[in-house]
Novice: 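Input: one structure, supplied below.
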Amino acid sequence: MPGVPLRSGGPAARIAVIPGDGIGPEVTPQAVKVLKAVAAPAKLAIEFVEFDWSADKYLREGVSLPPGAVEMLRDEFDAILFGALGDPRVPSNQHAADILLGLRFKLDLYVNARPVELLHHRLTPLRDRTEKDIRLMVFRENTEGLYVGVGGFFKKGTPDEIAVQEDVNSRKGVERIIRYAFEYARKNGLKRVCMSDKSNAMTFAHDLWQRVFRQVRQEYADVDSRHLYIDALAMEIVRDPSQFDVIVTCNLFGDIISDLGAQLAGGLGLAPSGNIHPGKTSLFEPVHGSAPNIAGKGIANPLGSVLTSAMMLEFLGWKTETAALRAAVRAALRESCVTPDLGGNKRTAEVGDWLAAKSVEALTV
Ligand code: ATP
């Protein structure tokens with residue numbers, strides 16, 4: 001999946017690493033291992049600084065996102081490599097909301113880029129579909145919508161209880177994500193952009209999406225643009241995923257449709273994502289969560305994390321190294337050097353070691 005090098009710089013970068021909870025601390029070190037392996041021959045000076053923000057720290061010290069963290073990440077780092085957050089010992093998930101949503105909002109990471117790309121035909125549950133059919137990018141608005149936490153309870157805990165959750169959409173917020181989707185399509189030679197909403201039912205919030213979409217699409221006459229209601233999109237993406245190149249949608253629908261897409265392309269263990277503000281410190285994380293059911297067993301699939309780090313390299317402007325990482329992941333799938341979730345018998349660290357060697361090989365080919 002082609003991407004946009006957004007923070008192209010010199011041959012040096014500082015990366016903040018936040019492994020987090022559950023399988024996060026198992027898969028993230030594999031991605032760092034692979035990055036270190038390609039950095040040396042490519043003469044890239046990547047400095048990694050690890051932060052232990054997690055459920056453990058929250059339970060131990062009551063600290064989720066420490067004071068000053070946002071400013072430090074913004075001013076001192078080029079990118080953030082994230083693992084996963086979520087722990088059964090913190091049922092409210094408060095630390096995860098503070099850290100992940102906190103960073104998304106406070107760093108204004110308005111683009112959530114989730115590529116859906118089938119890397120090996122045996123991985124899709126769709127019959128007769130191959131790599132050429134499933135190759136699209138979902139752009140999810142990442143700073144507004146139902147995730148802003150505006151709302152409240154009335155008469156909580158009583159039979160008359162009312163819960164309200166507001167859907168917040170600004171013209172600026174809607175316009176910048178739609179425009180980003182068109183720009184991405186144009187820069188990468190992709191012909192089709194689909195905007196999805198539920199404007200037939202959400203007659204205020206998504207009327208704004210409709211109006212902004214109609215306005216912005218006029219500036220991109222070279223790109224075919226269409227609209228689908230989100231329910232129709234869910235059907236169409238399963239019926240015929242080959243009809244999509246770029247999908248742009250709101251925060252909630254993007255969350256759902258990109259998980260559906262992840263499943264079409266082999267499951268959560270493989271899906272990468274980027275939380276991006278062009279030109280500013282951005283955060284890259286696998287789509288999967290902390291998967292507490294398999295944490296600590298050494299069998300978590302690190303491919304999602306490694307593909308995530310490839311997205312990060314692309315954001316940093318390092319195309320050759322990005323291609324090397326992706327080639328290594330394809331090779332791992334081809335040669336079945338994979339963990340049990342993909343039908344293999346390898347352990348997390350074994351896959352990481354294999355990918356590190358294979359990426360260096362791919363770099364020198
Ligand atoms: P969260 O609420 O944090 O998203 P979750 O457990 O609901 O966490 P995930 O962690 O995303 O959801 O994963 C759901 C299931 O998919 C896991 O329980 C696990 O069985 C499987 N899974 C997810 N990621 C991986 C992975 N990297 N390797 C292997 N299996 C995975």
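Both ligands and their constituent atoms are indexed starting at 1 by order of listing.
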Novice: Not counting sequence neighbours, which residues clear side-chain hydrogen bond (donor to acceptor under 3.5 Å, both in side chains) with Glu175? List them please.
Specialist: Arg179
Novice: May I ask you to check if Arg140 and Tyr147 form a cation-pi contact, with NZ or CZ under 6.0 angstrom from the six-membered ring centre and within 45° of the axis?
Specialist: yes
Novice: Please list, by chain and number, the protein residues whose heavy atoms come under 4.0 Å of ligand 1.
Specialist: Ile23, Leu85, Leu268, Gly269, His288, Gly289, Ser290, Ala291, Pro292, Asn293, Ile294, Ala300, Asn301, Asp341
Novice: Got a sec, which residues hit ring pair (Phe, Tyr, Trp, His ring centres under 6.0 Å) with Phe82, two or more places apart in sequence or on another chain?
Specialist: none
Novice: When you check the side-chain N and O atoms of Tyr110 and Asn275, is any donor under 3.5 Å from an acceptor?
Specialist: no
Novice: Got a list of side-chain donor-acceptor pairs under 3.5 Å for residues 332-342, not counting sequence neighbours?
Specialist:
residue	atom	partner	partner atom	Å
Thr339	OG1	Asp341	OD1	2.6
Asp341	OD2	Asn301	ND2	3.0

Novice: So does Lys191 have more than 12 non-hydrogen atoms from other groups sitting under 6.0 Å from NZ?
Specialist: yes
